[in-house]
Amino acid sequence: MSWQALVSTLSSRRFWIWQIGGAIIYLIPVLIRLVSGNVVLPVLGLLETPWIGHWIPGNLVEKIFVNAFFPGAAGAVAGEIFLKNLNGPYQNSKEKHLRRLVGALLWVTIWTLFQWWGNLQSIIASYGGNLFEYPSVYPLNFALAALSIFTPDIVDYVGVKFRRLSKRP
């Protein structure tokens, strides 16, 4: 590992926007649950799905949206930036998305280890359940991380369309 690539990554504005923005998106439902004392979120509760075994949680819609940004896309952007700083610019879209996949899977692995450690602590939240995720949903987190490599592309596309609409008279 090149320390210069790491330093350049940590000094990247884009890196920090995705890390902080993703963490905020991840924390919003957590804070709502802690404050309300209810595991079901007010608006997203209308979109709740039944649990499928122990693998697919009832808050699937929320999980897909939140994990698309953190740790998934935050890791994807980190991987893209770090590997660009280490190996130079990517040559094509396939290489870009492969670099993002490496970052997303690394981030979700680190986050899963944190979630697992937290789950072992059995910290009971205000809503009566463990504050941390149950290990049975960890495989879903990895699947969502693999899909989240496209989140930065989607956000960029929506941003371009929004800017074009706002410039029209």
(message) Quick check: do Ile64 and Leu144 have side-chain heavy atoms less than 4.5 Å from each other?
(response) yes
(message) Rounded to the nearest 0.5 Å, what separates atom CG in Asn85 from atom OG in Ser12?
(response) 7.5 Å
(message) What's the separation between atom CG in Leu105 and atom CD1 in Ile110, rounded to the nearest 0.5 Å?
(response) 11.5 Å
(message) With clusters defined by side-chain heavy atoms of hydrophobic residues (ILVMFWY) lying less than 4.5 Å apart, directly or transitively, does Leu131 cluster with Trp117?
(response) yes
(request) Quick one: do Thr9 and Gln4 satisfy side-chain contact (heavy atoms from CB on, under 4.5 Å)? Show the steps, please. (result) CA-CA 8 Å; Thr9 301; Gln4 183 57 40; over 6 Å; no
(request) To the nearest 0.5 Å, tell me how far Ser148 OG sits from Ile154 CD1. (result) 10.0 Å
(message) Check this for me, if you would: do Glu80 and Arg100 make a salt bridge, where the nitrogen-to-carboxylate-oxygen distance has to be below 4.0 angstrom?
(response) yes
(request) Supply the atom-to-atom distance Asp156 CG to Lys161 NZ, rounded to the nearest 0.5 angstrom. (result) 13.0 Å
(request) Please report the shortest heavy-atom distance between Gln19 and Gly75, naming the atom on each side. (result) NE2-N, 4.5 Å
(message) Could you tell me if the side chain of Ile123 sits less than 4.5 Å from the side chain of Phe132, heavy atoms only?
(response) yes
(request) Please confirm whether Tyr134 and Tyr138 have ring centers closer than 6.0 angstrom. (result) no
(request) Answer whether the closest heavy-atom distance between the side chains of Val137 and His54 falls below 4.5 Å. (result) no
(request) Taking the six-membered ring for Trp and the full ring for Phe, Tyr or His, determine whether the centres of Phe82 and Phe15 are under 6.0 Å apart. (result) no
(request) Using salt bridge (Lys or Arg N to Asp or Glu O under 4.0 Å) as the criterion, list what pairs up with Lys84, not counting sequence neighbours. (result) none
(message) When you compare the side chain of Glu95 with that of Leu83, does any pair of heavy atoms fall below 4.5 Å?
(response) no
(request) Specify the closest pair of heavy atoms between Trp116 and Pro135, including all atoms of both residues, with the distance to one decimal. (result) CD1-CG, 4.3 Å
(request) Give the cluster check for Leu106 versus Ile149: same hydrophobic cluster or not, with ILVMFWY residues linked at side-chain heavy-atom distances below 4.5 Å. (result) no
(message) So that I know where these two stand, are Phe150 and His97 an aromatic pair - ring centroids less than 6.0 Å apart?
(response) yes
(request) Answer with yes or no whether the hydrophobic clustering places Val108 together with Phe70; edges join I, L, V, M, F, W, Y residues whose side-chain heavy atoms lie under 4.5 Å apart. (result) no
(message) Would Phe69 and Val155 count as a side-chain contact (heavy atoms from CB on, under 4.5 Å) here? Give the steps.
(response) CA-CA 10 Å; Phe69 289 93; Val155 169; 3.9 Å; yes
(request) Kindly indicate whether the side chain of Ile28, heavy atoms from C-beta on, has any atom under 4.5 Å from the side chain of Arg33. (result) no
(message) We want to know whether Asn141 and Gln115 form a side-chain donor-acceptor pair, criterion being a heavy-atom distance below 3.5 angstrom.
(response) no
(message) Taking the side chain as everything from C-beta on, heavy atoms only, tell me whether Leu60 gets closer than 4.5 Å to Leu140.
(response) yes
(request) Using a 4.5 Å cut-off on heavy atoms from C-beta on, say whether the side chain of Tyr127 contacts that of Asn38. (result) no
(message) side-chain contact (heavy atoms from CB on, under 4.5 Å) for Trp16 and Leu10? Distances and angles first, verdict last.
(response) CA-CA 8 Å; Trp16 288 109; Leu10 293 175; 4.0 Å; yes
(message) Main chain of Glu133, side chain of Asn119: is a donor-acceptor contact present, judged purely on distance under 3.5 Å?
(response) yes
(request) List the atom of Leu34, the atom of Ser126, and the distance in Å for their closest heavy-atom pair. (result) O-OG, 2.8 Å
(message) Are Val102 and Phe142 connected into the same hydrophobic cluster when the rule is that any two of I, L, V, M, F, W, Y join if their side-chain heavy atoms are below 4.5 Å apart?
(response) no
(request) Answer whether the closest heavy-atom distance between the side chains of Thr109 and Phe114 falls below 4.5 Å. (result) no
(message) Pairing donors with acceptors under 3.5 angstrom, does anything connect the side chains of Tyr26 and Trp111?
(response) yes
(request) Might you point out which heavy atoms bring Ala146 and Leu101 nearest each other, and give the distance in Å? (result) CA-CD1, 3.9 Å
(message) If we ignore hydrogens and angles and just use 3.5 Å, is the side chain of Thr151 paired with the main-chain N or O of Ala68 as donor and acceptor?
(response) yes
(request) Heavy atoms only: give me the nearest Ala104-Ala145 pair and the separation to one decimal. (result) CB-O, 3.6 Å
(message) Which heavy atom of Ile32 sits nearest to which heavy atom of Pro42, and what is that distance?
(response) CG2-CD, 3.8 Å
(request) Take Phe65 and Asn59 through the side-chain contact (heavy atoms from CB on, under 4.5 Å) test and state the conclusion after the steps. (result) CA-CA 10 Å; Phe65 178 75; Asn59 64 337; over 6 Å; no
(message) Quick check: is Ile81 connected to Tyr90 through a chain of hydrophobic side chains (ILVMFWY, heavy atoms under 4.5 Å apart)?
(response) no
